[in-house]
Amino acid sequence: MDVSKKSEFVVVANRLPVDRVTDGDGTASWRRSPGGLVTAIVPVMQRREGAWVGWHGAPDEDLEPFEAEGLSLIPVRLSARDVEHYYEGFSNATLWPLYHDVIAQPVYRRSLWEVYERVNRRFARAAADVAAEGAIVWVQDYQLQLVPQMLRELRPDLRIGFFLHIPFPPMELFQQLPWRRDILYGLLGADLVGFQSRDAASNFVRLCRRFLDLKTQGHEVAIADRVVRADHFPISVDANELITLADDPDVRERAKQIREDLGNPASLLLGVDRLDYTKGIQQRLQAFTELFEDERLKSGDAVFVQVATPSRERVREYRILRDDIEQQVGRANGLHSELGAPIINYMHTSYTRKELVSLYLAADVMVVTPLRDGMNLVAKEYVACRSDLKGALLLSEFAGAARELHRAFLVNPYDIGGTKNRMWEAMHASPAERARRMRSMRKRVIEHDVDLWAKQFLDALEDGH
Ligand code: ADP
Ligand code: G6P
């Protein structure tokens, strides 16, 4: 693969699929970047020739284009100040909470916005440099919402798509954003703007009408001499890869081992998330702990394994969340565990795909209770892995995945009492009921996998040509 040649297909995302990490003695190495965006885009890119423009996760480093996991990667440099203002600041302290129902208070600061604009321009230039004449460029997610317009100015010959992986807020919330018009114009630089849900696409069209005074019709927004289409494309997982992994005898053996190590509890409950306040980790742990307080469970009946990948650790809200969860786990274990048998096993770390699938196979109840989530791939990964039709999924109504996985045990995570009862129900459902629910959910996930998602988006992008 020649990483210096121009590409017909370019993905632009804040993150590259690998992160450069330097350990204590100064040795640098690469590790898979966290989050659902990377999980979804890697298989899509592995099956297509193309270049991936993004940041490699470390500040103040200029890197040449390189190859990893069979992909051609074009690093974009971020200074320590860019990381602070653009990534931690405007992306993750302003947009992230605003787009997730204002669960945390968004920070509105002009200095953050200025750097967001500047860094978006840098990504647009990097994409313009690598794209061949008439190429397709697919811009990803909330960190890069100005890139479509900036890129169109630089390269009107390109076909530009944009996909938002997170929710897009209703007018009443989006209205707060002092730069709301700039963001809308930024997105309208694309030919096709994709969202996870129909509601999100409608929110966007309505906002263009209300704040930009543009003419809209159905899914379409007219701007100058162009028509921009806004539609929904629910993202998914690489079901075949997961099914193959879940079939691996080593993985199955490891799943057994995990259960044994945990004392073969009657029920093993599992949570797997980035450590993020949108994920509802505290609410689910509280619901679980209350089952012990109510004496519906006793030590040995059930164990909760919560795996939480470190995330955005320099953003204030994330630091507070980590402390709160650690305190909550310590308290619950102190009150309800027996010697050597904690009721909650909390791991602040990330795992390999193999280990993750072993955990999915070991778990009787997968607990996915975000307060708001664009999709939530963990829910779909669990379902894809359970070809044995065992296991139950407890799923928040506020996860995008709930629109497709109707047969999950659905909960409102804000309702702790309701969540605890539903958790109990999921733990005690008959094997036949679990199998019925799982069979229907698996059909959906296997038929609508990540390849179909990418194909539908890219076909729609080509169609409008
Ligand atoms: P988000 O994108 O908000 O992090 P998703 O559930 O959509 O949420 O995607 C998370 C992705 O990260 C999934 O592919 C999941 O398997 C992976 N992941 C989450 N936690 C871990 C972990 N502790 N170790 C390894 N991978 C993880
Ligand atoms: C979510 C976002 C992604 C982001 C990921 C991990 O999935 O939609 O854009 O990459 O979280 O977050 P991070 O801040 O570590 O990139």
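First listed ligand is number 1; within each ligand, the first listed atom is number 1.
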Identify, for atom 15 (C) of ligand 1, the protein heavy atom at the shortest distance, and state residue, atom and that distance. Glu381 OE1, 3.5 Å
Shortest protein contact, atom 26 (N) of ligand 1 (heavy atom only): Leu356 CD2, 3.5 Å
Nearest to atom 24 (N) of ligand 1, what protein heavy atom do you find, and at what distance? Tyr351 N, 2.7 Å
Would Arg314 and Glu84 pass as an ion pair if we require N to O under 4.0 Å? no
Give me the residue, atom name and distance of the protein heavy atom closest to atom 11 (O) of ligand 2. Arg312 NH2, 3.2 Å
Treating Ser267 as the side-chain partner and Val303 as the backbone partner, does any N or O pair qualify as donor plus acceptor under 3.5 Å? no
For Gln143, counting its heavy atoms only, list the atoms of ligand 2 lying under 4.0 Å from any of them. 9 (O)
Closest protein heavy atom to atom 14 (O) of ligand 2, given as residue, atom name and distance to 0.1 Å: Tyr87 OH, 2.5 Å
Between Thr349 and ligand 1, find which residue part has any heavy-atom pair under 4.0 Å and reply side chain, backbone, both or neither. backbone
I need the atoms of ligand 1 closer than 4.0 Å to a non-hydrogen atom of Thr39, numbered in the order shown. 11 (C), 13 (C), 14 (O)
Within 45° cone of Tyr86 ring axis and under 6.0 Å: Arg118 NZ or CZ: no
Going through the distances and angles, do Tyr142 and Leu164 end up as a side chain to side chain contact (heavy atoms under 4.5 Å, CB included)? CA-CA 6 Å; Tyr142 62 101; Leu164 186 71; 3.9 Å; yes
So is Met347 touching ligand 1 or not, going by heavy atoms under 4.0 Å? no
Salt bridge check: are Arg121 and Glu117 linked by an N-O gap of less than 4.0 Å? no
For atom 2 (O) of ligand 1, which of Gly36, Gly374, Ala379, Ser33 has the closest heavy atom? Gly36
Does this structure show an ion pair linking Arg48 with Asp451, if we count only N-O contacts that are shorter than 4.0 Å? no
Should Asp276 and Arg312 count as an ion pair when the cut-off is N to O under 4.0 Å? yes
Looking only at protein heavy atoms, which one is nearest to atom 5 (P) of ligand 1, and what is the separation? Leu377 N, 3.5 Å
Contact check: Trp96 vs ligand 1, nitrogen or oxygen atoms, below 3.5 angstrom: no
Does the side chain of Arg110 reach to within under 4.5 Å of the side chain of Trp179, using non-hydrogen atoms? yes
With a 4.0 Å cut-off on N to O distance, would you call Lys390 and Asp388 a salt bridge? no
Contact with ligand 1 for Tyr382, non-hydrogen, under 4.0 angstrom: no
Roughly how far apart are Ser33 OG and Arg20 CZ, rounded to 0.5 Å? 13.0 Å
Distance under 4.0 Å to a non-hydrogen atom of Val378: what atoms of ligand 1 satisfy this? 6 (O), 15 (C)
Given Ala401, Pro370, Gly35, identify the one with the heavy atom nearest to atom 11 (C) of ligand 1. Gly35
Below 4.0 angstrom, N of the basic side chain to O of the carboxylate: do Arg47 and Asp238 qualify? yes
Of all the heavy atoms in Val237, does at least one lie under 4.0 Å from an atom in ligand 1? no
Smallest separation among heavy atoms of Ile344 and Ala332, with atom names: CD1-CB, 3.8 Å
Heavy atoms only, cut-off 4.0 Å: how does Asn376 contact ligand 1, side chain, backbone, both, or neither? both
Determine, considering heavy atoms only, which of Thr39, Asn376, Asp141 sits nearest to atom 3 (C) of ligand 2. Asp141
Going by the atom numbers of ligand 2, which of them fall below 4.0 Å from some non-hydrogen atom of Gly36? 7 (O)
With heavy atoms of Tyr360 as the reference, note each atom of ligand 1 found under 4.0 Å away. 16 (O)
Would you tell me which option among His165, Glu313, Arg15, Arg274 has the nearest heavy-atom contact to atom 15 (O) of ligand 2? Arg15
Between Tyr116 and Phe90, how do the two ring planes meet: parallel, tilted or perpendicular, split at 30° and 60°? tilted
Heavy-atom contacts with Ile166 under 4.0 Å: which atoms of ligand 2 show up? List them by number with element. 8 (O)
Nearest neighbour of atom 1 (P) of ligand 1 from the list Lys279, His165, Met375, on a heavy-atom basis: Lys279
In this structure, CH2 of Trp113 is separated from NE2 of His85 (nearest 0.5 Å) by 15.0 Å
Which atoms from ligand 2 have a heavy atom of Pro34 less than 4.0 Å away? 6 (C), 15 (O)
Looking only at protein heavy atoms, identify the closest one to atom 22 (C) of ligand 1 and say how far it is in Å. Thr309 OG1, 3.1 Å
For atom 19 (C) of ligand 1, grab the closest protein heavy atom and report residue, atom and distance to one decimal in Å. Val272 CG1, 3.7 Å
Lys/Arg N to Asp/Glu carboxylate O, Glu260 vs Lys256, below 4.0 Å: no
Check each atom of ligand 1 against the heavy atoms of Arg353 and keep those under 4.0 Å away; list them by number with element. 14 (O), 16 (O)
May I ask you to list the atoms of ligand 2 that are less than 4.0 angstrom from any heavy atom of Leu37? 3 (C), 7 (O), 9 (O)
Counting non-hydrogen protein atoms only, what is the nearest one to atom 4 (O) of ligand 1? Give residue, atom name and distance. Arg274 NE, 2.7 Å
Val307 to ligand 1: N or O pair under 3.5 Å? no
Does this structure show an ion pair linking Arg259 with Asp364, if we count only N-O contacts that are shorter than 4.0 Å? yes
With Pro17, the side-chain contact (heavy atoms from CB on, under 4.5 Å) member among Thr39, Val42, Leu37: Val42
